[in-house]
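The block underneath contains the structure these notes are about, expressed in structure tokens.
In the text below, chain A, chain B and the rest are named by the order of the sequence lines, each starting its count at 1.
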Amino acid sequence: MEQTGLNMSERTELLGLLHRMCVIRAFDSTLPELYTKGLSRGSSHAALGQEAVAVGACAAIGEDDYITSTHRGHGHAIAKGADIGRMMAEILGRSDGYCRGKGGSMHIADFSIGMLGANGIVGGGFGLAAGAALSAQLRGVERIVLCFFGDGAINQGAFHEISNLAGIWKLPLVLLCENNQFAMSARATAMVSGGDLAARSSAFGFPSESVDGMDVLAVRAAVRRAADRARAGDGPTLIVANCYRFAGHFSGDTMSYRSRDEGDPWLKRDPLVTFRRVLVEQGLVDDAEADAIEHAAELAVREAIEFAKLSPFPEPATAWEDVYG
Amino acid sequence: MEQTGLNMSERTELLGLLHRMCVIRAFDSTLPELYTKGLSRGSSHAALGQEAVAVGACAAIGEDDYITSTHRGHGHAIAKGADIGRMMAEILGRSDGYCRGKGGSMHIADFSIGMLGANGIVGGGFGLAAGAALSAQLRGVERIVLCFFGDGAINQGAFHEISNLAGIWKLPLVLLCENNQFAMSARATAMVSGGDLAARSSAFGFPSESVDGMDVLAVRAAVRRAADRARAGDGPTLIVANCYRFAGHFSGDTMSYRSRDEGDPWLKRDPLVTFRRVLVEQGLVDDAEADAIEHAAELAVREAIEFAKLSPFPEPATAWEDVYG
Amino acid sequence: MAERILTYSEALNEALREEMHRDPSVFLMGEDLCTWGDEGGVFGVTKGLANEFGTERVRDTPISEQGFVAMGVGAAITGMRPVVELMYGDFLALAMEPLVNQAAKIRYMFGGQVGVPLVVRTNLGASGGKAAQHSQSLEAWLMHVPGLKVVVPRTPADAKGLLTTAIRDDNPVVFLEHKLLYFTKGPVPLGEHVVPLGRAATVRPGSHLTIVGTHVMVDRALEAAAELFDEGIDVEVIDLRTLVPLDIETIVSSVERTTRLLICHESVERAGWAGEVAMEVMKHAFDALDAPIGRVCGKNVPVPYSESLEPLVVPQAAEIAAAARALLAGVELSLPALTG
Amino acid sequence: MAERILTYSEALNEALREEMHRDPSVFLMGEDLCTWGDEGGVFGVTKGLANEFGTERVRDTPISEQGFVAMGVGAAITGMRPVVELMYGDFLALAMEPLVNQAAKIRYMFGGQVGVPLVVRTNLGASGGKAAQHSQSLEAWLMHVPGLKVVVPRTPADAKGLLTTAIRDDNPVVFLEHKLLYFTKGPVPLGEHVVPLGRAATVRPGSHLTIVGTHVMVDRALEAAAELFDEGIDVEVIDLRTLVPLDIETIVSSVERTTRLLICHESVERAGWAGEVAMEVMKHAFDALDAPIGRVCGKNVPVPYSESLEPLVVPQAAEIAAAARALLAGVELSLPALTG
Ligand SMILES: Cc1ncc(C[n+]2csc(CCOP(=O)(O)OP(=O)(O)O)c2C)c(N)n1
Ligand SMILES: Cc1ncc(C[n+]2csc(CCOP(=O)(O)OP(=O)(O)O)c2C)c(N)n1
Ligand SMILES: [Mg+2]
Ligand SMILES: [Mg+2]
């Protein structure tokens, strides 16, 4: 775990990171329950075990910066500062949801905080991210774009086209690959020719970095470096954050394609546990305070669920709204 | 110019290479005339200056091997052994054309010699080539696939998807990029991030090689190495053959996007002239013989035109044939 | 012929298995075909096939839809019969280039030198909140592409019989399943079962009005028909089974008897294929028509997520019944004598 | 308003130039926009714009259609108004994912948080032997996607006025030009010229039969109409100008007068948009119809190369005239009195 420079002056920020990771953990832990109770529908994808990537990465960019997300997007949204009540209302298909119930788990977006949307199309975010980066460049605003995607998405042609375009136009783009080892049942080791995801940027002449995706501070540091490059006009960077999908692809996934214990080494490095331990060891927090943070996160998620449940279903007439504007 | 091992025993083959290069030169030189005379229509793209790539590459593979081609495909077809009379008839839209007049210049194919077709979609050949390679692998036949494409096509996402697929499945595929410096008016130097086309294979962990595309023997040698790898089950290779598009993108291209003389260093290295000189210097041919080869090529093309002109236009009823079979 | 009760998914699986046994050139490609769920396939269609035939012939692909569909085309023109799966029909949008610009045109554009015996399987339809990017029904796009055949099986027996035919066909066939049908059950013949392309099935005879549809719209039309029968309205229901080729004869001869036609599809109304059926019916039987040809289709909106909205945008039985009533408003009807 | 004679291509160029002056958020992306030919653009549409506005705002792209269309979407949801060019309409097949799964759905799927003011320009049509992969007319696909608008200008004036409107529209607009029209000429208003979407133009009044079409089909219908007039048949010709929104009122009110409708499109017949127009007309004016609604469309085949074949698969004036005659066969016609 990257620990250099942990000090009291950063305390609030560091506890904030822990808090957000706990919120994501609590939030995505409720998904199976919501589904079995018939409160949610469609598919919702938990990012359990990947909290450090979302939180570390979003901590490294500014409020005005953009992110694009994926089907596994709750963590990204929370890390970027989305309201979990409205997120939960969306997952429950209610009128107070971010999309007024029209999107569901796979389409949460909050344009007011630069969260340009989860995406049901694997690789669908590449072009949106690069386009937003071009937009920022053309408008002359100092915004960068952080594009989250998976080890599965890197095999889409869109990755190639956008990497090339971002490279020749030096777009302020950070390509953040969450290598959680799987794309549904497909292992990254079997699907990525050459086996080295970080090597993919070499085709386009821009740098890449592999980082421990279980370490929130390491992720933050890597994304900061990439963000600095982007802001300096030096173009895109590829970051590969190695992590592990603790749960199934979505609730109901029996995971027959992986052995029960193959993930154990990863589970032992649970990013929440590790980060909490570091903070305690460094004397930035004691166990009681850390427990309180965890409980606060759980409470916040329970409240989000209550908020969502109280929110009415969208009126039928809304089905006809917002096709055109 | 790669010259090692030029000897009398290879003489027939080497003169054959020269002959095919001369045929391509003569064939594509007639395109403007055909167009202005109203004998051809649509667009036909000359490969003048790129003869060494097509001929060198096809000389390195077997008769049973496959090639896929591009919009600039006459040279590839001729190098693979297509009949120039039927090619010309196709360009003239006649019933004796390879496609019975339905395809034209951009869709010449000869499945009987493993020429799986020119393609009007830039990058359209990648998937066909990789699929043919998979087919050969599955059928257990010792065929490999040579996929011709341009410096423009390398920016299509299809290149990435197919490179990855060919890599993980170790397909018998040779990816041959003809870097003729331009994609219509777009310079490879401006459109290829990082500037190094050969670097593109590093993303997928398979080798690449840059080769002088003006040197037919160098191209042949490089493709032989790649073909050997493919046949050995070691998977794909990327070869970048550096060359120059001597003429416009198609007849009528005013080339205002490039200066009159910027191509001069390339033109000085005309692959036909160079190869002929080497053969003469090595005593494999004298000037009279070389002239005869050139004249024979021109004559063959004139005959092809006569054959094509005599071929009737397709009957109206054929318009309704071969939609389904 | 002997039959058993199978699900639609099992019936598809059986067709794949039998054709793979029969013809070594048949192989499968797609995402999560081998080990997902219970031995393969998000909807179980490829269950057990990787174990039986090996991962050479049942190939898990990376997420590269354009690429692996294009490879299907390349394999098809060099002696193989690939069956390629797109996990959801919405991903057709990623694979239109190889399907439309290559597969559909190769035979014609190359003057008949070669055929493209490729099957691309995928599914259509809204189901349980999959929302805008996992619910589309894009069959009309494919119908609009000369060179492609378009198959839309509804029953398990047809699923088996039509997939068998599709695999043996020498043309590119887009084989469109429906998410809500995978786990419906029905009798399926044992052993070789072939259903020809281009033959619609009259699934309910009737005399007052003809309803044509595909997939679950047929079931909803049958529901509506049962309700209408109690009101004295006798509806004939036709399951098209294939959209290209389209069995216009069966539709026309029905309409000539009933004089009224209602067309139902889940795909969005605007520029959907209802218009195609209507144009052909007008061409052949305009004088027989006693009412405008009607349609009940998906609404012209993306599919929303919420359970309170999704059902509004997809035709339900009640809407079909209402449309049928409207086409017969003011008409004096008598039910046919109960013979036979 | 003052007018000059411009080509369609020049008129489009003028719209781009004026909108780029007016609104700094407008920018262009596509292949060969800057230096190809005579200062940019394969059909000259972007001529001089890179020189005037710089290569930041007029951007030559690599050959990455899916990627740069998707970037157009990303730019459009973050404050820009991109106008993206696909060199040929056939390349839409490469860009359906960003257009359909992203651009068309973003506003709805995200609950109205954001719009997508994107224009994707490209062209349709067969012209001079471009063959199967450079001749398609795929507008029906786009009409079938809720959230997209579809514009099909025919005259230079409309080219300018509709492109201006499309750029100012807050929705994704697919702007479909026609290869045979780029160098046709007509009067074009100087300065701001805005043509609303959703208003068809009646380009020839007539009383016996209505023909609706787009692009060059309108010209061929006019040709046919002139020929038919000599035979005593008086045809009304309507240029739809936009397909989404569709001006059904103009069509219906015409058909209510003429009682007969013929629909012409160059795109292939099967599952083309003729059926859409027909369904709407039947819905609103079935009783007015004295004949089946007819259509003359592209044939259900890929476009062949040879000059002896290409014209057979695309509707020509003679075929339109013949279809019109057939719809009026046996009908006693009188030409309207020559007043006003
Ligand atoms: C274009 C497309 N293909 C396939 C799918 C089905 N699908 C959804 S998630 C997924 C796996 C994605 O893997 P990865 O990118 O590694 O993300 P992860 O699920 O691991 O977060 C697949 C195949 C899809 N939604 N979109
Ligand atoms: C998908 C697609 N995009 C654009 C075009 C138009 N186009 C035809 S050739 C060409 C340039 C191709 O460049 P390159 O791959 O380098 O081949 P070259 O012309 O140099 O042989 C372009 C843009 C096309 N035919 N297909
Ligand atoms: Mg993954
Ligand atoms: Mg080139």
Side-chain angles (χ1 to χ4, degrees), chain A residues 66 68 90 95 97-104 106-112 114 116-121 123-139 141 143 145 147 156-166 168-169 171 314 318-325, chain D residues 24-27 29 55-57 59-82 84 94-95 97-118 145-149 169-173 197 244-245:
Chain A
Y66 297 112
T68 62
E90 189 56 40
S95 57
Y98 268 112
C99 312
R100 303 168 74 204
K102 281 175 174 166
M106 267 201 291
H107 303 297
I108 288 171
D110 183 351
F111 281 75
S112 71
L116 304 182
N119 215 307
I121 303 296
F126 290 124
L128 303 184
L134 173 61
S135 163
Q137 192 188 65
L138 282 169
R139 285 179 290 137
V141 297
R143 293 184 173 182
V145 185
C147 172
Q156 286 284 24
F159 171 80
H160 176 87
E161 298 189 357
I162 256 47
S163 292
N164 187 56
L165 278 151
I168 58 172
W169 291 348
L171 299 182
T318 64
W320 322 122
E321 293 170 9
D322 292 325
V323 184
Y324 297 97
Chain D
S25 68
V26 176
F27 75 101
M29 274 197 285
T55 51
E56 286 287 299
R57 287 183 72 194
R59 307 180 80 90
D60 270 348
T61 60
I63 308 173
S64 308
E65 282 83 1
Q66 186 191 329
F68 67 74
V69 171
M71 285 182 62
V73 182
I77 59 177
T78 52
M80 300 299 288
R81 291 189 174 269
V84 178
L94 283 152
E97 143 56 22
L99 260 180
V100 172
N101 286 332
Q102 312 296 336
K105 295 182 172 48
I106 278 178
R107 181 191 291 274
Y108 187 88
M109 176 167 87
F110 293 152
Q113 287 185 57
V114 73
V116 186
L118 166 73
V145 180
L148 299 181
K149 296 187 177 182
D169 200 290
D170 286 334
N171 301 286
V173 178
L197 308 189
V244 179

Test item: [X] and [Y] side chains (from C-beta on) under 4.5 Å apart, heavy atoms:
| X | Y | result |
| --- | --- | --- |
| D:R59 | A:L134 | yes |
| A:L116 | D:F110 | no |
| D:M71 | A:L171 | yes |

Check whether [X] gets within reach of chain A through its side chain, its backbone, both or neither, counting any heavy atom under 4.5 Å.
| X | answer |
| --- | --- |
| D:V244 | side chain |
| D:P146 | both |
| D:E56 | both |
| D:Q66 | both |

Report task. Just give me the residue among A:A158, A:G123, A:G157, A:G127 that pairs up with chain D most often, heavy atom to heavy atom, under 4.5 Å. Result ->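 Answer, by heavy-atom pair count under 4.5 Å with chain D: A:G127.
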
Query raised in the report: If you tally heavy-atom pairs under 4.5 Å against chain D, which of A:G103, A:A129, A:G325, A:A132 wins?
Result: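 The answer is A:G325.
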
Go through [options] and name the one with the most non-hydrogen pairs under 4.5 angstrom from chain A.
| options | value |
| --- | --- |
| D:P82, D:G115, D:P62 | D:P62 |
| D:M29, D:K149, D:R107, D:M80 | D:R107 |
| D:G79, D:G147, D:S25 | D:G147 |
| D:T61, D:V114, D:V116, D:D170 | D:V114 |

Distance check, rounded to the nearest 0.5 Å: [X] atom [atom1] versus [Y] atom [atom2]?
| X | Y | atom1 | atom2 | result |
| --- | --- | --- | --- | --- |
| D:K105 | A:K102 | NZ | NZ | 13.5 Å |
| A:N164 | D:I63 | CG | CD1 | 11.0 Å |
| D:S64 | A:I162 | OG | CD1 | 7.5 Å |

For the side chain of [X] and the backbone of [Y], is there at least one donor-acceptor N/O pair under 3.5 Å apart?
| X | Y | value |
| --- | --- | --- |
| D:Q113 | A:Y98 | yes |
| A:S135 | D:T78 | yes |
| A:Y324 | D:P172 | no |

Chain D heavy atoms under 4.5 Å from [X]: which part of the residue, side chain, backbone, both or neither?
| X | answer |
| --- | --- |
| A:A136 | neither |
| A:E90 | neither |
| A:F126 | neither |
| A:A166 | neither |

Query raised in the report: Passes side chain to side chain contact (heavy atoms under 4.5 Å, CB included), D:I77 versus A:Y66? Steps please.
Result: CA-CA 11 Å; D:I77 59 177; A:Y66 297 112; over 6 Å; no

